[in-house]
Amino acid sequence: MSIAHKLGNLDRRIIYVFIFLSVIWPLLSPIGLPIEVLPYTTGLYDAIEELPAGSTVVMSYTWGQTELPWAKSPTKAVTTHLLSRDINVIFLTYGVTGPWAIEYTFANVPLISEKEYGVDYVNLGFIAGGEMAYAAVANDMWEAVAGRDYYQTELEDIPLMTNIHDAGDVDLVITVTGGGDNPAGHLRQWQVPFGTPVAIIVYGVLFPANVPYFPEQILGIINGIRGGAEYEALIGAPSAGTSWMDAISAAHIVMAFFIILGNVAYILEKMEKR
Amino acid sequence: MIEHLSAFVLFAFFWAIIYLRMERANRGTVPVMKSLGALDAIDEAVGRASEMGKSVHFTYGKSYLLNTEGGQTVAGSHILHYVSRICARLGATIIATVSEPEGMALTIDSVEQAYIMENASDQFVLENIIFTGPGLAYNSYVINLLETERPAANIICGRIASASLLVAETGARVGAIQIAGTATTFQCAFFAAVCDYLLIGEELYAASAYVTKDPELLGAIEAQDILKLISIALVLIGFITVNLGSRIIISLLSY
Amino acid sequence: MVTAIFGISMILSYFFSKSIPALNTISNELMTWGKIMSAFALFLGATTMTVSHIRKVQGKDPKERFLSSWLIILIIVFSVAGILFEPTVGSYALWYNVVAMGIGISTESLLAFYIMVAAYRAFRFKTVESSLLMISCFITMFWSAPVGAAIWPGITELGNWLMNVPNKATTRGIILGIAVGTISLGIRMIMGKETAYLGGEE
């Protein structure tokens with residue numbers, strides 16, 4: 001068996017070891033490469049900066065524990081930005097693990113402790129039904145959650161919800177999703193009928209599929225960990241996203257190395273056959 | 001009186017085209033569809049499985065029926081029916097994995113009907129239609145099934161999410177012929193890298209018409225092609241008018 | 001018939017809700033019914049899962065019997081504990097986070113290893129298409145990681161162009177096709193021509 005053949009058919013466990021080391025090493029010993037902020041991220045940042053204090057933003061979650069690695073940094077950064085500008089935030093979720101994600105956000109955004117529940121932010125909990133749920137919430141938020149928040153408090157007793165009944169009363173909806181038709185669903189059910197501006201925080205894989213909607217329909221797209229790191233840079237609060245970008249850089253270099261190695265082996269094998 | 005008037009006009013027009021083409025096909029003028037490489041490969045894949053004495057694995061990914069992605073599951077079920085008929089004819093075993101409970105009845109019916117139509121109802125094995133559970137349970141089960149069963153063919157047609165690469169890469173590793181089809185655009189890239197044959201986006205819906213040879217379905221596919229041509233024409237006219245300084249098309253479509 | 005009535009009601013409410021307010025009421029009610037059915041679908045999923053594993057417990061394979069028994073015990077314990085105790089705080093949350101989060105993130109992280117092996121095996125200069133796929137993969141990889149801009153600052157412009165021109169164009173085309181296909185499927189379902197979802201005849 002020639003060297004070229006061996007190089008082109010490496011045991012996958014060798015590749016696994018390399019990627020493992022490439023991710024672990026920068027986490028233990030960060031490099032701190034500068035991160036350039038792309039227009040997709042500044043779109044959302046500028047939209048929030050233009051909102052006056054007292055505006056209402058809906059953060060709709062469709063993520064849970066398995067999406068935590070990429071969702072943690074952008075949701076924390078965006079929530080911090082919203083609360084720091086005294087913008088009211090309504091949290092709700094369309095995924096079964098969403099209530100956990102909302103509670104996780106409350107526990108991990110320090111600024112939440114300075115805000116008052118029911119006045120500055122509220123948790124409306126889980127609404128089943130996929131796109132039907134987006135439409136139901138957009139048409140009549142009170143009806144969609146049966147008149148109570150996640151903790152079973154009547155919405156009449158929640159000052160934040162007094163003037164918020166449908167999507168037309170909301171100044172911006174930010175949807176955080178790891179898959180599915182969620183962004184386009186919000187465009188169909190929130191933006192087209194009510195004109196509510198939409199921004200999204202998505203898993204990296206979903207990013208190219210949603211670029212066509214930017215910037216006319218979707219104001220900003222936060223691209224997973226990279227977007228989270230960019231947003232942290234924008235608000236001046238580097239955190240998990242920033243530290244993980246070095247690991248991503250290292251992993252990508254390793255991936256490029258193996259792709260090049262595979263091609264070199266392929267070319268050498270072809271030359272040997274001739 | 002009518003809100004979103006332009007959307008209403010377009011929708012009514014779409015409905016009329018689809019209805020007329022379906023009726024035309026019903027009356028005998030059945031449109032001819034070009035062959036899709038991925039579907040022609042199904043015969044080859046099942047034949048290979050039969051010769052090797054191995055099974056054929058079919059999965060939708062997420063077998064939703066209750067949301068907007070249910071259409072992919074329905075299209076996938078037509079392809080499953082077709083695959084099952086070939087398996088019944090050639091004596092190959094088909095194993096179907098289903099992640100959502102709402103897809104189970106559809107899957108059982110698709111496979112069972114296929115065996116009945118091939119006069120092989122005694123070969124139908126209900127235990128080969130496996131409900132795995134959603135999410136991680138599905139991912140783990142299918143990876144394990146592919147590693148232990150080592151099917152000769154792995155067919156993934158439906159709405160699939162993060163499991164796409166897990167399933168496809170495992171299938172490639174065990175040496176299965178892989179045929180994938182999904183309208184979930186962001187997963188097509190993974191399938192393109194790993195699978196042998198691929199149906200992208202609308203080809204999945206067209207494929208379901210191709211395999212059933214149902215005149216009405218074929219008429220609907222022809223109608224879709226006409227509607228796409230109209231959409232392309234609108235885009236081109238809009239492009240030209242905007243560059244000439246007029247926003248008339250944009251205004252008309254936004255009315 | 002039911003599909004047709006419900007489908008047409010929802011469509012008409014989109015176009016005529018201001019001139020015929022009753023349509024709005026009907027569509028809101030239908031959406032409420034839909035939400036309730038979706039919630040029951042979750043319950044159905046859990047029930048089907050439990051029944052499926054109870055059958056395996058009664059089967060012959062000892063490995064399946066052991067694993068299925070363990071799963072059923074976990075389902076019962078977590079269900080009872082979740083009903084009796086607050087599911088988002090305390091020891092229930094700790095167990096759930098440690099077990100579910102750990103397993104979930106580990107399984108999802110397998111993707112990274114699988115992508116690496118898939119890229120190594122598949123991205124070769126075999127055909128024009130695979131070469132283009134590889135080149136766009138390289139550009140996207142280095143565009144999305146800070147190391148790319150550190151090696152060559154021009155990668156940002158190139159990556160932005162790749163996202164905004166070829167990617168946007170092709171994705172728009174695919175979205176258009178899928179949208180037309182979905183409309184066609186919906187119309188066929190309302191007209192009763194598509195019955196596969198009901199377990200209809202082929």
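Chain letters run A, B, ... following the sequence lines, proteins first, then strands; residues in each count from 1.
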Inset, instruction - Identify which of B:Arg173, B:Arg159, B:Glu3 forms the greatest number of heavy-atom pairs closer than 4.5 Å to chain A. - result: B:Arg173

Legend entry - Results of salt bridge (Lys or Arg N to Asp or Glu O under 4.0 Å) for A:Arg188 - residues two or more places apart only: A:Glu131, A:Asp181

Legend entry - Neighbour count >12 (heavy atoms, 6.0 Å) for atom OH, B:Tyr19: no

Inset, instruction - Please examine the side chains of B:Phe190 and A:Val205, heavy atoms only from C-beta on, and report whether any two atoms are closer than 4.5 Å. - result: yes

Legend entry - Contacts with chain B made by residues 8-20 of chain A (heavy-atom distance under 4.5 Å), listed by residue number: A:Arg12, A:Tyr16

Legend entry - Pairwise distance CZ(B:Phe186) to OH(A:Tyr203) - rounded to 0.5 angstrom: 10.0 Å

Inset, instruction - Might you confirm whether atom CD1 of B:Ile248 has over 12 heavy atoms from other residues, nucleotides or ligands at distances under 6.0 Å? - result: no

